[in-house]
> 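Handing you this structure, nothing more for now.
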Amino acid sequence: MGWYNPTMTLSKPPLLVPSNSWVLRSKKVAECRRNYPLIGRKKENLVGIHFVGRKGMLRLKVSASSGEGEEAESGYIEEFSWSSVILPFFFPALGGLLFGYDIGATSGATISLQSPELSGMTWYNLSAVQLGLVVSGSLYGALIGSILAYPFADFLGRSRELIIAAILYLAGGSLTACAPGLGALLLGRLVYGLGIGLAMHGAPLYIAETCPSQIRGTLISLKELAIVLGILLGYFVGSYEIDVIGGWRYMFGFSAPIALLMGFGMWTLPPSPRWLLLRAIQGKGPLQEYKEKAIEALSKLRGRPAGDKVSEKQIEDTIISLKTAYTDEEAEGNFLEVLQGPSLKAFTIGGGLVLFQQITGQPSVLYYAGSILQSAGFSAAADAARVSVVIGIFKSLMTAVAVLKADDLGRRPLLIGGVSGIALSLFLLSAYYKFLGSYPFVAVSALLLYVGCYQISFGPISWLMVSEIFPLRTRGKGISLAVLTNFGSNAIVTFAFSPLKELLGAENLFLLFGVIALLSLVFVVTSVPETKGLTLEEIESKILK
């Protein structure tokens, strides 16, 4: 057993120190701080460490002082079995995969849908506005879904919200695949989008509230990777079905069985224990009843016997924490507070990142990748769809790089380097359409550069910053506002791409996106702080004040 300071108190969330045999010694402080940056920065600030259990139980208690009378984050680390966390991550993550699949499948479906030979119907001659509605219909639904999630999500709970999302995915995908006309097709796209809005709200909440604390960041990052893998899957299905008459129906309909799997999987999972306790603390039911349900849910999530002592102890600690947090009636903050003081600064940073993420052309490049490649010299629809698969694979690899390097290089270097590359790629696309049309490799190279730079910058880092930057008091509402900003700007850019392309021409449109990318680079350099290695409390006290 390690040494213990009896004066140590444990009043805040846990530090992550994943070792079952590690003893903190003065000569190893520097090494430990390098490997586990959440530990205090000054050796004299370290107060104590205590081993309290073995495999399958709580393992460590850590405490650190800030040197100014305030204690840094401290708490418990639990050991877990990966087999017990796979399904509670996998089924919610399918909601993200289905979101990404819609992006990838739409790229090929727009080609099939407009082809006189391949569409398999008589209303293939869509106007630019009609095509924009087909492409962006799911995003408008997602925007509505994210708005509906704000007042109803806490009432429904995370698991039921995700079950409803799966039902909407299933209904939307099926209706789109069987659509007899444009009206039914647009309705199916809207219903599918409602599922996206609910899933993108419920999935990260369920994963974060049910997984062990020491792997929360990894799993939420992998949830973002699931979106990218969904895009890749959409590209693969589009490539396979592109030469089939009515192939667009199969591309949209392929999402239905995945949605069915997601719904069944979420039905087998327990509700979030934290959500159950929040309902009790907020006076929505008897505390003892919700406490017993929470213990049962946590035991099931960890693969432990029903009512085991470890789960009971964790639930007791969570209740104490929640009661402390809810002593102030205004602990959650009000909506207007998101636009005031430190919260306004946080929203300027987070909201600005997700806004520039979209208005630099990201939805257009993804949704219209097949069409761009086709016009770049890959005349056969199949050629364009297969190159889109290559782009999807590259996108997945670059996302993995970002996940590995965000805590190593930091947020700002990835953003500055990535956004610079985005601007360059957009200017290259403009040059291709203006005077380099005889060199199709320029368009392909520019697309790969765009995708790679986006996936190491705006893609994952924007959402990482959004999750870090808001004060605890307004974090929930602030993130909701950021999600609405993201979906709203995404839908507008996607809808406007085809009309603007007709009005300005592709060369001028990508030039416009390039100029916006330069403005976003100025924003990142002047306004976005570095949060690497800082706790959430340090971000709030040092950056937002």
> Taking Ser430 for the side chain and Glu507 for the main chain, is one N or O donor matched with an acceptor at less than 3.5 Å?
yes
> Just how far is it from atom CG of Leu261 to atom CD1 of Ile258, taken to the nearest 0.5 Å?
8.0 Å
> Applying side chain to side chain contact (heavy atoms under 4.5 Å, CB included) to Leu429 and Val442, what does each step give before you reach the verdict?
CA-CA 7 Å; Leu429 281 173; Val442 172; over 6 Å; no
> Does atom CD1 (Ile245) have a neighbourhood of more than 12 heavy atoms from anything else shown, all under 6.0 Å?
no
> Which atoms form the tightest heavy-atom contact between Val354 and Ser462, and what is the distance?
CG1-CB, 4.3 Å
> Using ring pair (Phe, Tyr, Trp, His ring centres under 6.0 Å) as the criterion, list what pairs up with Tyr101, not counting sequence neighbours.
Phe254
> Mark yes or no for whether Arg412, through its side chain, and Val528, through its backbone, hold a donor-acceptor pair below 3.5 Å.
yes
> Does Tyr450 reach the side chain of Leu426, with side-chain heavy atoms less than 4.5 Å apart?
yes
> With rounding to the nearest 0.5 Å, note down the distance linking CD in Glu161 to CG in Leu198.
5.0 Å
> With sequence neighbours excluded, tell me which residues meet side chain to side chain contact (heavy atoms under 4.5 Å, CB included) with Leu518.
Ala423, Phe427
> Locate the shortest heavy-atom distance separating Arg249 from Ala179; write the atom from each residue and the value.
NH1-O, 2.8 Å
> Where is the tightest heavy-atom contact between Thr485 and Gly351, given as atom of each residue plus distance?
CG2-O, 4.1 Å
> Sequence neighbours excluded, which residues qualify as side chain to side chain contact (heavy atoms under 4.5 Å, CB included) partners of Val134?
Leu113, Leu126, Leu182, Leu185, Leu186
> Considering residues at least two apart in sequence or located in another chain, which fulfil the ring pair (Phe, Tyr, Trp, His ring centres under 6.0 Å) criterion with Phe523?
Phe356
> What pairs of residues pass the side-chain hydrogen bond (donor to acceptor under 3.5 Å, both in side chains) test when at least one of them lies in residues 413-427, not counting sequence neighbours?
none
> In Å, rounded to the nearest 0.5 Å, how long is the span from OH of Tyr433 to CG of Leu509?
9.5 Å
> What heavy-atom pair brings Met251 and Ser112 nearest, and what distance separates the two atoms?
CE-CB, 4.2 Å
> Kindly determine whether Leu168 and Tyr192 satisfy side chain to side chain contact (heavy atoms under 4.5 Å, CB included), including the steps that lead there.
CA-CA 6 Å; Leu168 291 169; Tyr192 192 95; over 6 Å; no
> So Asn508 and Lys434, do their side chains get closer than 4.5 Å, heavy atoms only?
yes
> Would Cys453 and Phe458 satisfy side chain to side chain contact (heavy atoms under 4.5 Å, CB included), going step by step from the backbone distance to the final call?
CA-CA 8 Å; Cys453 290; Phe458 274 149; over 6 Å; no
> Going from OG on Ser255 to CG on Leu94, what distance comes out if it is rounded to the nearest 0.5 angstrom?
12.0 Å
> For the backbone of Leu133 and the side chain of Arg189, can you confirm whether one donor and one acceptor N or O come within less than 3.5 Å of each other?
no
> What is the distance from atom CG of Leu87 to atom OG1 of Thr210, rounded to the nearest 0.5 Å?
11.0 Å
> Is there side-chain contact between Phe487 and Val483, with heavy atoms separated by less than 4.5 Å?
yes
> Apply side chain to side chain contact (heavy atoms under 4.5 Å, CB included) to Leu448 and list each qualifying residue two or more places apart in sequence or on a separate chain.
Ile391, Phe394, Val444
> Are Ser146 and His201 side-chain neighbours, meaning at least one heavy-atom pair lies under 4.5 Å?
no
> Applying side-chain hydrogen bond (donor to acceptor under 3.5 Å, both in side chains), name anything that partners Glu241, two or more places apart in sequence or on another chain.
none
> If I compare all heavy atoms of Ala165 with all of Met262, which pair ends up nearest, and what's the gap?
CB-CE, 4.3 Å
> Hey, are the side chains of Val237 and Tyr240 touching, using non-hydrogen atoms and a 4.5 Å cut-off?
no
> With no hydrogens and no angle check, is any side-chain donor or acceptor of Ser457 less than 3.5 Å from a backbone partner on Leu415?
no
> Which heavy atom of Leu162 sits nearest a heavy atom of Pro92, and at what distance?
CD1-CB, 3.9 Å
> Just so I know, are the side chains of Ile196 and Leu98 near enough to count as touching, which here means a heavy-atom distance under 4.5 Å?
no
> Measure the OG-CD distance between Ser127 and Glu502 for me, rounded to the nearest 0.5 Å.
8.5 Å
> Please answer whether the main-chain N or O of Tyr206 pairs with a side-chain N or O of Arg158 as donor and acceptor at a distance below 3.5 Å.
no
> Quick one: which of Thr360, Val493, Ile359 gives a side chain to side chain contact (heavy atoms under 4.5 Å, CB included) with Phe513?
Val493
> So, using side chain to side chain contact (heavy atoms under 4.5 Å, CB included) as the criterion, who are the partners of Ala256 when residues are at least two apart?
Leu170, Ser174
> Heavy-atom distance under 4.5 Å between the side chains of Val524 and Leu353, does that happen here?
yes
> Can Met200 and Ile227 be said to form a side chain to side chain contact (heavy atoms under 4.5 Å, CB included), step by step?
CA-CA 10 Å; Met200 290 302 96; Ile227 298 176; 4.1 Å; yes
> Which residues pass the ring pair (Phe, Tyr, Trp, His ring centres under 6.0 Å) test with Tyr140, sequence neighbours left out?
none
> Does any part of the side chain of Tyr454, heavy atoms only, come nearer than 4.5 Å to the side chain of Gln357, both counted from C-beta?
yes
> Is the side chain of Gln358 donor-acceptor paired with the backbone N or O of Leu355 at a distance under 3.5 Å, no angle test?
no
> Just to verify, what does Thr399 make a side-chain hydrogen bond (donor to acceptor under 3.5 Å, both in side chains) with, not counting sequence neighbours?
Gln455
